[in-house]
Visitor: 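Could you have a look at this structure, given as structure tokens, before my questions?
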Amino acid sequence: QVQLADSGGGLVQPGGSLRLACAASGNTLDYYAIAWFRQAPGKEREGVSCIGRGDDATDYVDSVKGRFWIARDNLLNTVYLLMNDLKPEDTAVYYCAAQHFESRTWCPLGPSLYTDWGQGTQVTVSS
């Protein structure tokens, strides 16, 4: 089991940028695939991006492709989600999650496949 602490949310104007961080303790992050999810009021939790145990394996939901970038820093035991060109529809609580998969080249975006979760960080995009 790994404990996750996500941070970096805030209020930003449309077109702005934020960097979310998911810091792990209790185990090394390179043992896990890491995913970022978001949940807006009244909506289901949505997979945003993930990175597999092998750093070449990444995936993004279509609505954020070309704007968001996920990266892992194994020395700091942290995964980052860099969000650029933010839009009001990106407003949500963002959560990171971890799960060990045997494959190093696969990371899913389904929330039911992840067992360890951070507490969430609010991202609000508004002028």
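Because the structure is predicted, anything quoted here is derived from the model rather than measured.
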Visitor: Which pair of heavy atoms, one from L4 and one from Q119, lies closest together, and at what distance?
Guide: O-OE1, 3.8 Å
Visitor: Identify, with sequence neighbours excluded, every residue that meets side chain to side chain donor-acceptor pair (under 3.5 Å) alongside N84.
Guide: S17
Visitor: Using a cut-off of 6.0 Å, state whether more than 12 heavy atoms not belonging to E89 lie near its atom CD.
Guide: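 Atom CD in E89 is packed in, count exceeds 12.
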Visitor: Are the side chains of V64 and R38 in touch, meaning some heavy atoms are under 4.5 Å apart?
Guide: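 A side-chain contact under 4.5 Å exists here.
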Visitor: For side-chain contact (heavy atoms from CB on, under 4.5 Å), just list the numbers for T58 and R72, CA-CA rounded to whole Å, side-chain angles, deciding distance to a tenth of an Å, and then say yes or no.
Guide: CA-CA 11 Å; T58 60; R72 181 197 301 270; over 6 Å; no
Visitor: Name all residues meeting the ring-ring contact (aromatic ring centres under 6.0 Å, His included) criterion together with Y114; count only those two or more places apart in sequence or in a different chain, and write none if there are none.
Guide: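 Applying ring-ring contact (aromatic ring centres under 6.0 Å, His included) to Y114 gives F37, F101.
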Visitor: Run the numbers on D30 and R53 for side-chain contact (heavy atoms from CB on, under 4.5 Å), then give the verdict.
Guide: CA-CA 6 Å; D30 58 5; R53 293 172 57 213; over 6 Å; no
Visitor: Ignoring hydrogens and angles, tell me if any N or O in the side chain of D59 forms a donor-acceptor pair with the backbone of W106 under 3.5 Å.
Guide: no
Visitor: Could you tell me if the side chain of R67 sits less than 4.5 Å from the side chain of K87, heavy atoms only?
Guide: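 Answer yes - side chains close enough.
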Visitor: V123 vs T91, test: side-chain contact (heavy atoms from CB on, under 4.5 Å). Steps then yes/no.
Guide: CA-CA 5 Å; V123 171; T91 295; 5.8 Å; no
Visitor: Identify whether Y94 and V12 are in the same connected component of the hydrophobic contact network (ILVMFWY, side-chain heavy atoms under 4.5 Å).
Guide: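 Yes: a chain of side-chain contacts under 4.5 Å links Y94 to V12.
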Visitor: Does NZ or CZ of R45 fall inside the cone over W117's six-membered ring, less than 6.0 Å from its centre and within 45° of the axis?
Guide: yes
Visitor: Looking only at heavy atoms, which two atoms of L81 and V48 are closest? And how far apart?
Guide: CD2-CG1, 4.4 Å
Visitor: Could you check if a side-chain atom of F68 sits within less than 4.5 angstrom of a side-chain atom of L82, using non-hydrogen atoms only?
Guide: no
Visitor: Quick one: does any side-chain atom of D73 pair with a main-chain N or O of T78 as donor and acceptor, under 3.5 Å?
Guide: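 Not a single qualifying donor-acceptor pair exists.
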Visitor: Do the side chains of L109 and W36 join up, straight or via other hydrophobic residues, at under 4.5 Å, putting them in one cluster?
Guide: no
Visitor: Quick one, T121 and V93 - any side-chain contact, counting heavy atoms below 4.5 Å?
Guide: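 Heavy-atom side-chain distance check fails, nothing below 4.5 Å.
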Visitor: Between Q13 and S127, does any side-chain donor sit less than 3.5 Å from a side-chain acceptor?
Guide: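 S127 and Q13 do not have a side-chain donor-acceptor pair below 3.5 Å.
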Visitor: For T124 and S126, which I'm curious about, is there any donor-acceptor pair between the side chains at under 3.5 Å?
Guide: no
Visitor: Would you say N77's side chain and L29's backbone share a donor-acceptor pair under 3.5 angstrom?
Guide: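 Indeed, once roles are kept as given, a pair shorter than 3.5 Å links the two residues.
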Visitor: Is it true that Y31 and V2 fall in one hydrophobic cluster, defined by side-chain heavy atoms closer than 4.5 Å?
Guide: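 Yes, it is one cluster - the side chains of Y31 and V2 are joined through contacts under 4.5 Å.
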Visitor: What is the distance from atom CD of Q39 to atom CD of E44, rounded to the nearest 0.5 Å?
Guide: 8.5 Å
Visitor: Hey, is CH2 on W69 packed in by over 12 heavy atoms from elsewhere, all under 6.0 Å?
Guide: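 It does not: W69 CH2 has 12 such atoms or fewer within range.
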Visitor: Nearest 0.5 angstrom please: Q1 CD to N27 CG, how far?
Guide: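 Answer rounded to 0.5 Å: 10.0 Å.
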Visitor: Show the nearest heavy-atom pair for residues I51 and C107, with the distance to one decimal.
Guide: N-SG, 3.6 Å
Visitor: Can you find a side-chain donor-acceptor pair between D116 and Y32 that sits under 3.5 Å?
Guide: no
Visitor: Give a yes or no on whether L20 and Y95 share a hydrophobic cluster (residues Ile, Leu, Val, Met, Phe, Trp, Tyr; joining criterion: side-chain heavy atoms under 4.5 Å apart).
Guide: no
Visitor: Return the minimal non-hydrogen interatomic distance between A40 and A92, and the atom names on each side.
Guide: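 Looks like N-CB, 3.8 Å.
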Visitor: Which Ile, Leu, Val, Met, Phe, Trp or Tyr residues join Y80 in one cluster when any pair of side-chain heavy atoms under 4.5 Å counts as a link?
Guide: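 Reading the cluster by chain and number, Y80 sits alongside L76.
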Visitor: Would you compute the distance between atom SG of C96 and atom CG of D6 and round it to the nearest 0.5 angstrom?
Guide: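 So the gap between those two atoms works out to 4.0 Å.
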Visitor: So, the side chain of S49 versus the backbone of Y60: is there a donor-acceptor pair under 3.5 Å, distance only?
Guide: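 Here the side-chain-to-backbone pair does not exist.
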